[in-house]
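Inspection log for the structure reproduced underneath, given as structure tokens.
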Amino acid sequence: MRKIVKTILMAGVLTGLTLQPVYGAGPLSGAAGAGSRMQAATRVIRMGGDGDSTGTQTADAGQATAQDGTGSPGAGGSQGPAQGAGDITDAVAWADQAAQTAAAAVEQAVADPSFQEGMAQAAAEQAEALAAANAAAQAAAAGTIRQLDPTKPMIALTYDDGPQSSVGNRIMDVMNLYGGKCTFFMVGDRVPSHAAEVIRMVNEGFEVANHTQNHKYLNRIGAAEIRSQVEACNNTIQSVTGVRPTLMRLPGGNKNATVLANVGMPVILWNVDTLDWKTRNAQSTISSVLGKVKDGDIILMHELYSATADATERLVPALVSQGFQLVTVSELAHYKGVQLNPGQIYNRLP
């Protein structure tokens, strides 16, 4: 520790002494500059607490020595190079003693039990602050976490494979009409051509989420390409909306160990599959939900089909009348007290 402090102090003094003459100052100007630096260093040493008065006195003495001669720092070169060399010697001697005093003060502080307790407390506070910042970042990326009634049932309607403006805007319209929100898992390469719709999602509190850049089945590709697919989708959505997704869904739900090790995001699947992509029939989609869902469920639909928009326009008021709150996945996790972790799979919450 002493060697570190000593090195820093000596480097600071000697750097100033040798650099100033390059710009045309005489030797005494360099010594006067050293005196200013000594004064600043004195303030540092005084922060050490008890036992550093010797260092303070030494620093003051060193400053006086550096400014000796005409009594006017930087008066020119009238004292000659020999006097300037003497000033440098004095400055180096001061730096050596001051460094030792400062190092001793640091060692004393570190050995103090109260110092160690303070460091432990600071570390705990920092950990709490980081956890809070992470939760806030997730909430911000997900959209606003609304004030909801935690005693009433909640379900998350989710829509894959968009954006598709002709469908997504209808879904948002009916959600807004009945006070609901949902999550859109979007394919990155579709986002730029539906930018206005995606910006609306963010502006109105809907959740934008990752469904890879090109809808590739990630279990069929390598680790590097998995990371590229996820990162590219996040980048595309962020470039359009200013919000970076915090959740992702695997195309087809297909996964393996390599996928889960490389997606780097919580993986949201589902526990109610409407099969809307297969039937493309509004009534079939409605029948797969009404009377079957319960608190904490995640329902899978797709944003690509007009029949899904038809079904949503009938499902939303029916579900609300049954007492369900229609929420985003992040809202559901928030109110159920579930921490969503990268690489982990969630089919329902909790």
Side-chain angles (χ1 to χ4, degrees), residues 138 141-143 155-172 175 180-195 197-202 204-219 226 228-241 243-255 259-260 263-278 285 289 297-305 308-309 311-312 315 326-333 340 342-349:
Q138 288 191 4
I155 59 174
L157 301 182
T158 66
Y159 298 85
D160 285 9
D161 294 353
Q164 176 61 47
S165 300
S166 60
V167 176
N169 282 315
R170 289 175 63 190
I171 291 170
M172 287 187 281
M175 286 281 183
K181 299 297 175 185
C182 62
T183 300
F184 293 95
F185 289 93
M186 295 181 290
V187 178
D189 65 6
R190 294 181 58 85
V191 169
S193 58
H194 297 274
E197 178 204 354
V198 179
I199 291 170
R200 178 190 174 188
M201 291 175 186
V202 170
E204 296 183 8
F206 294 90
E207 182 166 30
V208 293
N210 185 311
H211 199 42
T212 74
Q213 183 69 5
N214 306 111
H215 203 269
K216 287 192 174 183
Y217 292 131
L218 299 186
N219 62 321
I226 291 170
S228 177
Q229 280 287 314
V230 174
E231 185 75 5
C233 182
N234 283 340
N235 290 342
T236 302
I237 293 173
Q238 185 174 19
S239 70
V240 171
T241 67
V243 170
R244 193 169 187 82
T246 61
L247 306 178
M248 73 91 56
R249 175 170 284 165
L250 307 171
N254 296 325
K255 59 190 179 297
V259 171
L260 298 181
V263 290
M265 301 176 73
V267 177
I268 309 301
L269 296 184
W270 57 86
N271 69 311
V272 177
D273 188 351
T274 64
L275 297 177
D276 62 332
W277 62 272
K278 184 176 182 180
T285 298
V289 176
D297 283 353
I298 299 174
I299 297 90
L300 170 64
M301 290 181 273
H302 295 77
E303 195 188 338
L304 297 180
Y305 313 112
T308 299
T312 301
L315 271 174
L326 306 181
V327 302
T328 68
V329 172
S330 288
E331 286 177 330
L332 188 60
L340 300 177
Q344 291 190 17
I345 296 172
Y346 302 87
N347 295 93
R348 67 183 307 275
L349 300 168

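For the numbers below, each heavy atom of this structure counts, side chains included, while hydrogens, waters and symmetry mates do not.
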Take Glu303 and Arg170 through the test salt bridge (charged side-chain N to carboxylate O under 4.0 Å, His left out) and record every step on the way to the result.
-> CA-CA 10 Å; Glu303 195 188 338; Arg170 289 175 63 190; over 6 Å; no

Can Arg249 and Thr158 be counted as having a side-chain donor-acceptor contact under 3.5 angstrom?
->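 Yes - a donor-acceptor pair under 3.5 Å links their side chains.
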
So, Asn271 and Asn347: side-chain donor and acceptor under 3.5 Å apart, yes or no?
-> no

Rounded to the nearest 0.5 Å, what separation is found between the [atom1] atom of [X] and the [atom2] atom of [Y]?
X	Y	atom1	atom2	answer
His194	Arg200	NE2	CZ	14.5 Å
Thr183	Phe206	OG1	CZ	10.0 Å
Lys216	Ser228	NZ	OG	8.0 Å
His302	Asp160	NE2	CG	4.5 Å
Thr236	Asp189	OG1	CG	8.0 Å

Heavy atoms only: give me the nearest [X]-[Y] pair and the separation to one decimal.
X	Y	result
Tyr346	Pro266	CE1-CB, 4.2 Å
Leu247	Ala209	O-CB, 3.5 Å
Asp273	Leu275	OD1-N, 3.0 Å
Asn210	Pro245	N-CB, 4.1 Å

Would you call [X] and [Y] a side-chain contact if the rule is heavy atoms closer than 4.5 Å?
X	Y	answer
Ile171	Met301	no
Leu349	Leu340	yes
Tyr159	Val167	no
Ile299	Thr274	yes
Met201	Val243	no
Trp277	Asp161	no
Val267	Lys255	no
Met175	Leu157	yes

Checking Arg190 side chain against Pro163 main chain: does a donor-acceptor pair fall under 3.5 Å?
->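 Checking the backbone N and O of Pro163 against the side chain of Arg190, a donor-acceptor pair under 3.5 Å is found.
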
Within the side chain of Asp276, is there an N or O that forms a donor-acceptor pair under 3.5 Å with the backbone of Thr285?
->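 No; zero donor-acceptor contacts below 3.5 Å.
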
On the 0 to 90° scale, with breaks at 30° and 60°, tag the His211-His215 ring pair as parallel, tilted or perpendicular.
-> perpendicular

Walk me through it: do Phe185 and Ile268 pass the test side-chain contact (heavy atoms from CB on, under 4.5 Å)?
-> CA-CA 10 Å; Phe185 289 93; Ile268 309 301; 3.8 Å; yes

Can you list the steps and then say if Glu197 with Met172 is a side-chain contact (heavy atoms from CB on, under 4.5 Å)?
-> CA-CA 10 Å; Glu197 178 204 354; Met172 287 187 281; 3.8 Å; yes

Walk me through it: do Leu250 and Asn254 pass the test side-chain contact (heavy atoms from CB on, under 4.5 Å)?
-> CA-CA 6 Å; Leu250 307 171; Asn254 296 325; 5.8 Å; no

Checking side-chain contact (heavy atoms from CB on, under 4.5 Å) against Cys233, which of Met248, Met265, Gln213 comes through?
->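 Result: among Met248, Met265, Gln213, Gln213 is the only option passing the side-chain contact (heavy atoms from CB on, under 4.5 Å) with Cys233.
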
Option among Leu332, Thr328, Val327 that satisfies the side-chain contact (heavy atoms from CB on, under 4.5 Å) test with Ser330 | Thr328

Could you walk me through whether Val259 and Ile226 pass the side-chain contact (heavy atoms from CB on, under 4.5 Å) check?
-> CA-CA 7 Å; Val259 171; Ile226 291 170; 3.9 Å; yes

